[in-house]
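In what follows, chains carry the letters A, B, and so on, assigned in the order in which the sequence lines appear, proteins first and then strands, with residues in each chain numbered from 1. Heavy atoms only: backbone and side chains are in, while hydrogens, waters and symmetry mates are out.
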Number of protein chains: 2
Amino acid sequence: MAATMREVARRAGVSVATVSYVLNGQGAVRGISEATCSRVRRAMSELQYHPNALARGLSHRQTHTVAVVMQYPAIFSGWSGFTNELMHGITDTALEVGYDVLLHTRNVASDVEAVQEKHRRELSVLLDGRADGALLLRDEKDPLANALLEAGFPFVMMFSHSADKRHWFVDCDNMEGARLAVEYLLSLGHRRIAHLAGSDVSGAARERKQGYLKALADAGLPAEYQMVIDAFSVEHDLGPVVEMLSKSDGERPTAVFSWSDDVAINLISLLRQNGVRVPEDLSVVGFDSTTLCDHTDPPLTSVHQSVYNMAATAFRLLAANISGARPDETAVRVQPRLDIRKSCAPCTGSLSLP
Amino acid sequence: MAATMREVARRAGVSVATVSYVLNGQGAVRGISEATCSRVRRAMSELQYHPNALARGLSHRQTHTVAVVMQYPAIFSGWSGFTNELMHGITDTALEVGYDVLLHTRNVASDVEAVQEKHRRELSVLLDGRADGALLLRDEKDPLANALLEAGFPFVMMFSHSADKRHWFVDCDNMEGARLAVEYLLSLGHRRIAHLAGSDVSGAARERKQGYLKALADAGLPAEYQMVIDAFSVEHDLGPVVEMLSKSDGERPTAVFSWSDDVAINLISLLRQNGVRVPEDLSVVGFDSTTLCDHTDPPLTSVHQSVYNMAATAFRLLAANISGARPDETAVRVQPRLDIRKSCAPCTGSLSLP
DNA sequence: GTCTTCAACTTAACCGGTTAAGTTAAGAGG
DNA sequence: CCTCTTAACTTAACCGGTTAAGTTGAAGAC
C-alpha cells in the first residue's frame, strides 16, 4: 500500500542507505552527489513516500511523542475549564517543542486484583516504546510514579507533588491557595465559613481542605467553626449546604470556600433557585479561576493557578528530562493568587465574634 | 535498558519464537508445553518485560491507535464545554473499543507556501504508521480528507459533512438547528432577530448563518430584518451588538441567536455590565447546549447537539472502517433539538409586524 | 606504471517483535 | 525393526527504517 524506502530506492536506482541519508539531510556529509539527491527526492514525491515512524522509532529508540496520563476517567466531564486550559497548555507546548501527544485515560477497576492487573497493563502501555516520556495528572500516592522511576522512564507530575527528589513536578501551593481564600473571607468579617471539599483521593483537594482548617485555626477560631461538606464533583448533591443555611443566625455559614470552580458555580445556581442571593446572603470563593469565572453571575472570586502555564512548564521540564538535561529546579511550586471578583461581600450577619 | 524478548528467551532457555507464542496466548495452539509456558512467564515477570509496541506495530501493520486531528489551534481555548464533551466522548469510547488516542493539533501557517508544506507534513504525520485511522475535526473543504482518501487511510469526519459518498462523517443538521432557534424566537413574537455569526472557515458556523437567513426569509421577513454580526470566538469584540441596542425601538433587535454558547454567554455578561436585562430586554439563544447552560444566569436556551454521543459514534464508525467493515450508514446526520431554558421571553417591544 | 586518496556510493547488521516453515525426538502402528 | 505421526519446539525471513563498515573507480602523486 504505502510506499517503502526500498521502493523509492529501486525507482531512483540507488540503495536504501542512500535514500535514508538523503531523507535525513545527510546527503552532503555522506558525500551523496547533488544529482543523486534530486533523483531520490523525485522518486519520493512520485511515490508519495511517507517514512514509517514505527521503524524509525525502533531504530532511534525515541519517537518524539509524550504520553499524557489522566488520573480520573471523568476528567473531561467537568465544565469549569480546568481540563480545557490544561489541554491547551499541553497541545500548544507540544507544537512548540516538536512532540506529539498520546492521550491515556483510564477506567477505574473495582476489585483489588483488577487494580493490580490494570496497573501492570497501564505500565506496559507507557513502557511499550511509543512514548519517550509521560506527563502524569495523578495523585502523588499513585504507584505509577515509582514504577516509572524504577523503570528509568522520564516523567513529570502535574498538579501533584512529592518529597522524593527524584520526582519532577509542577504543582500549585494548595494550602496557600486555601489560606488566601479563607483570610480574604475573614478580612470581610466572615467567621462561619463552610468548605465544599473534594475527594481525599485527590491530593490537591486534600490540601485545600487542610489549608482551610489551618487558616481557621490560625485565626483562633474554635473547632465548631469548621464546616466541611463533601462535594466531590458537579454531580454531587449540594442539598446539605442549603439545609445548613436555614440554621439560626449565629450558626449558619455566611461564606463558602469551594475546592473547585465548577462546584462553586453549581452551588450558586442552586442558591439562586432557593432565593439565596450571592454575595448579599452568602459569599462564595472558588478555586482555579478559569475564564468562566468572569462570566458567571456574579463573577466568581476564585483562587487562581495558571493551569496553562503550569502545563507548559511541565511539558518543557519533561522535554528536558527526556533529552537528559538535569536542570536545577525540577520541583516547581507555583504560588496561587486570589482573583477578587464580585461573589463576596462584607459579613453583615449578627455573629458572635470569638 | 528495557528487557527485550531475546533476553526473556535466554533466561527461559527457549527461542524468541516460543516467547512470542506464549506472549500472545498461542501456547496451546502451537503446542508449547505448560511447563515451558510458565517458565517463560516467570522470566517475563522477573525481567519486568514489556513488549515493544513499535516492533509489534511494524509487524502487524496496525497499532490500535487512532489520531484525532483538530482543525483549529485554539480548540482548547474555548470554555463552553464543547471540547470537553468531545474529548470525553472520544476517550470513553477509546477505552471501550480498545484504542489509544494520538492527539494532533496544528498551528496555522501564514503564507501559501508554508500552508502547502504544512499540509504535506501533516499528511506524513498521519500516514507514518503510528495510527490506524483518524478522526477529523475539520472543515469539509479541507484538503486533508481527500488526501487521506487517496492514500487509502481510514478516517471519519466529525462536525463536518460532505456530499462525497466515500467520506464517512457524523454531523449535526446545523441549518435545522438554526431554524429551531429562529422559529422559537419568531413564535415568541420577535421579528428583529440578530445573529452572532462564526467564521466562514467553519462549515458549521456557515450553515447556522444560512439557516438563520433562510428561517427569516421563510417567515416572509424582508431583507432589512437580517442582522448578522461577526463574533468568531470569545475574544471577539461584542461592542457592535451593544451599539445596535441603542437604535430606535422599531429597528433595534429584541432577540439574538448566537452561533455558539460561549459567545452567547460572553454577550450576556457584557449586557449585564451595560444594564441590559436578559431576557426582559433581549432574548438570547445559543448553540450546543452544554451542561454550562444550566448554570448561567439566566440559564441559556440553546440548540442541543449531543457532542458526546456524536464523538462516540464517529469513533465507532472509524473502528468499523479500520476493521474493514462497510456499514450501511456511513454518513450520520444528527437532528438537533432546542433546549428551552430561561434566556428568552415573549417580545414586548413596539414592533412593526410585517 | 603503481600507489594513495577520496568522492560516491553499497553492504549488511541491527532495532524488537511476528510467523511460516522447518527440525527433532518420542511414541504409535504395522 | 522400521516408518509414520505428532508434540514441542527452533530457524530464519520479514516488517521499514538506521548506520558503521566496507567497496569501487577515477584522479592525483611520485
Answer yes if the side chains of B/T63 and B/D132 hold a donor-acceptor pair under 3.5 Å, and no otherwise.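 Yes, side-chain donor-acceptor contact under 3.5 Å.
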Decide whether B/T65 and A/R130 meet the rule of one side-chain donor and one side-chain acceptor closer than 3.5 Å.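 Yes, a side-chain donor-acceptor pair sits under 3.5 Å.
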Could you state the [atom1]-[atom2] distance from [X] to [N], rounded to the nearest angstrom?
X     : N      : atom1 : atom2 : value
A/L54 : C/dT18 : CG    : P     : 13 Å
B/L23 : C/dG16 : CG    : C1'   : 12 Å
B/I32 : C/dT19 : CD1   : P     : 14 Å
B/E7  : C/dC15 : CD    : P     : 10 Å
A/N52 : D/dT18 : CG    : P     : 10 Å
A/L58 : C/dG17 : CG    : P     : 9 Å
A/M5  : D/dG17 : CE    : C1'   : 6 Å

Between the base of [N] and the side chain of [X], is one N or O donor paired with an acceptor at under 3.5 angstrom?
X     : N      : answer
A/R56 : D/dG16 : no
B/Y21 : D/dA7  : no
B/T4  : C/dG16 : no

Would you indicate, yes or no, if [N] has its OP1 or OP2 atom less than 4.0 angstrom from a side-chain nitrogen or oxygen of [X]?
X     : N      : value
A/S33 : C/dC9  : yes
A/S20 : D/dT19 : no
A/H60 : D/dT19 : yes
B/R61 : D/dG16 : yes

With a 6.0 Å cut-off on the ring centroids, do A/F76 and A/F82 count as close? no
Residue pair B/A17/A/H50 against DNA chain D: nearer the 5' end by closest nucleotide is B/A17
A/L317 backbone acceptor or donor facing A/N321 side chain under 3.5 Å: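 Between the backbone of A/L317 and the side chain of A/N321 there is no qualifying donor-acceptor contact (under 3.5 Å).
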Neighbour count >12 (heavy atoms, 6.0 Å) for atom CZ, A/R39: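 For A/R39, atom CZ is crowded (more than 12 foreign heavy atoms under 6.0 Å).
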